[in-house]
Enquirer: 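Let me give you the structure first, and then I'll get to my questions.
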2 protein chains.
Amino acid sequence: MQAALDRTFHALSDPTRRAMVQRLSRGPATVSELARPLTISLPAVVQHLQVLENCGVIRSEKVGRVRTCAIEPNALSAAERWISDRRQLWERRLDRLADFLDDADAAPRKSPGKGEPG
Amino acid sequence: MQAALDRTFHALSDPTRRAMVQRLSRGPATVSELARPLTISLPAVVQHLQVLENCGVIRSEKVGRVRTCAIEPNALSAAERWISDRRQLWERRLDRLADFLDDADAAPRKSPGKGEPG
DNA sequence: ATGATAGTTAAGCATGTACTTAAGTGTTGG
DNA sequence: CCAACACTTAAGTACATGCTTAACTATCAT
């Protein structure tokens, strides 16, 4: 879905949120644990977590008064795949270009070759 | 660099800009060619191109009155790698967790096993 | 019950983003 | 020269974002 990618890439565009994702990649953490290394207020942390949760990059569950957050791999993988798919497009194009240039060098049609370079 | 990733992910968070990247993945294009399938004004297109160029996702060159744009692979690869690196972190963690659970199942310490599942 | 803990909600503010229209610059073809 | 062309710049508007402080709720320990 288009809007899901919008939200995922937007979520990753903020360094604070990337730091949270980085932390959660190593394992689940509570809101306070995520906030501890950061210099912003707790409400700001919670707002970032909402952004990450709204795009499905993390999930969270509250037990008692403690909310524990964890990575939800699918959303990040979708973003990674979007880039990867485009990379394959342009890499194939560059490969074809390289092939063409090799062929043109090995068997020129119009003008006689100048011999091998070097 | 941190700010470069900020800009790259932000650039990708807009569907119009992703459409431009998609188009350019298939090969270079002029500003007008990029604008043609879009429903927004030309200045808006140029603003999007500036965002993409400022983060190094594309480069462009003007010849005469025509500006030609092309993908610049490095910035996108850096973004892809950021996600990929975190994915490896959590995948390793999940693997270790799976190993632990397998071991606990195969050689339980406290309570006797229930035999093989299935 | 009392107070500390962990998080939540609400309101407001400064800045940033995406878009528009209008007008301008430099290039090319007749 | 002159008009069409391909952008480019400027100015303005509407809305989104990231942050703050203040006040609130719910849970846990004593």
Side-chain angles (χ1 to χ4, degrees), chain A residues 1-24 27-70 75 79, chain B residues 1-24 27-70 75 79:
Chain A
M1 201 206 294
Q2 186 85 296
L5 273 180
D6 289 17
R7 285 195 294 270
T8 302
F9 281 126
H10 169 246
L12 294 179
S13 75
D14 184 281
T16 301
R17 286 192 291 262
R18 283 204 308 282
M20 290 171 163
V21 169
Q22 162 77 15
R23 167 63 188 81
L24 292 175
T30 68
V31 173
S32 303
E33 284 167 355
L34 288 168
R36 191 134 39 222
L38 304 173
T39 59
I40 59 179
S41 67
L42 195 63
V45 171
V46 172
Q47 284 164 24
H48 282 304
L49 287 174
Q50 280 166 3
V51 171
L52 288 168
E53 192 153 15
N54 284 341
C55 67
V57 164
I58 71 167
R59 82 192 125 73
S60 75
E61 196 188 357
K62 196 165 182 177
V63 174
R65 60 186 169 177
V66 175
R67 178 172 296 279
T68 300
C69 308
Chain B
M1 201 208 293
Q2 186 85 297
L5 273 180
D6 289 17
R7 285 195 295 269
T8 302
F9 280 126
H10 169 246
L12 294 178
S13 74
D14 184 281
T16 301
R17 285 192 292 263
R18 283 205 308 282
M20 291 170 164
V21 170
Q22 162 77 14
R23 167 64 188 81
L24 292 175
T30 68
V31 173
S32 302
E33 285 167 354
L34 288 168
R36 193 136 36 224
L38 304 174
T39 60
I40 58 179
S41 68
L42 195 63
V45 171
V46 172
Q47 283 164 24
H48 282 304
L49 287 174
Q50 280 167 3
V51 170
L52 288 167
E53 192 153 14
N54 284 340
C55 66
V57 164
I58 71 167
R59 81 190 126 74
S60 74
E61 195 188 358
K62 197 166 182 176
V63 174
R65 60 186 169 179
V66 176
R67 178 172 296 278
T68 301
C69 308

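Order of the sequence lines sets the chain letters (A, B, ...), proteins ahead of strands, with each chain counted from 1.
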Enquirer: For R59(B), give me all partners under salt bridge (Lys or Arg N to Asp or Glu O under 4.0 Å), at least two apart in sequence or on another chain.
Expert: E72(B)

Enquirer: Mind checking what makes side-chain hydrogen bond (donor to acceptor under 3.5 Å, both in side chains) contact with R23(A), not counting sequence neighbours?
Expert: none

Enquirer: Indicate for each nucleotide in nucleotides 17-30 of chain D, in 5' to 3' sequence, whether protein heavy atoms under 4.0 Å reach the base (B), only the sugar-phosphate (S), or nothing (-).
Expert: SSBBBB----BS--

Enquirer: Taking atom P of dC5(D) as reference, at what distance in whole Å does atom CD of E33(B) sit?
Expert: 16 Å

Enquirer: Name the atoms and distances for all side-chain donor-acceptor pairs under 3.5 Å in residues 28-40 of chain B, with sequence neighbours left out.
Expert:
from: T30(B); atom 1: OG1; to: E33(B); atom 2: N; distance (Å): 3.1
from: E33(B); atom 1: OE1; to: T30(B); atom 2: N; distance (Å): 2.9

Enquirer: Would you mind reading off the distance between R67(B) atom CZ and dT25(C) atom P, rounded to a whole angstrom?
Expert: 18 Å

Enquirer: Identify, with sequence neighbours excluded, every residue that meets side-chain hydrogen bond (donor to acceptor under 3.5 Å, both in side chains) alongside Q22(B).
Expert: R86(A)

Enquirer: What's the CD-P distance between Q50(B) and dA18(C), to the nearest Å?
Expert: 12 Å

Enquirer: Please report, rounded to the nearest Å, how far the P atom of dA18(C) is from the CE atom of M20(B).
Expert: 11 Å

Enquirer: Less than 4.0 angstrom between a side-chain N/O of K62(B) and OP1 or OP2 of dT8(D), yes or no?
Expert: yes

Enquirer: Hey, does the side chain of Q2(B) reach the backbone of P15(A) with a donor-acceptor pair shorter than 3.5 angstrom?
Expert: no

Enquirer: Applying salt bridge (charged side-chain N to carboxylate O under 4.0 Å, His left out) as the test, list every pair that has at least one member in residues 1-21 of chain B; sequence neighbours left out.
Expert: D6(A)-R18(B), R18(A)-D6(B)

Enquirer: Could you check how far CG of D6(B) sits from C1' of dG16(C), rounded to whole Å?
Expert: 14 Å

Enquirer: Using a cut-off of strictly less than 4.0 Å, decide whether T30(B) has a side-chain nitrogen or oxygen near OP1 or OP2 of dA6(D).
Expert: no

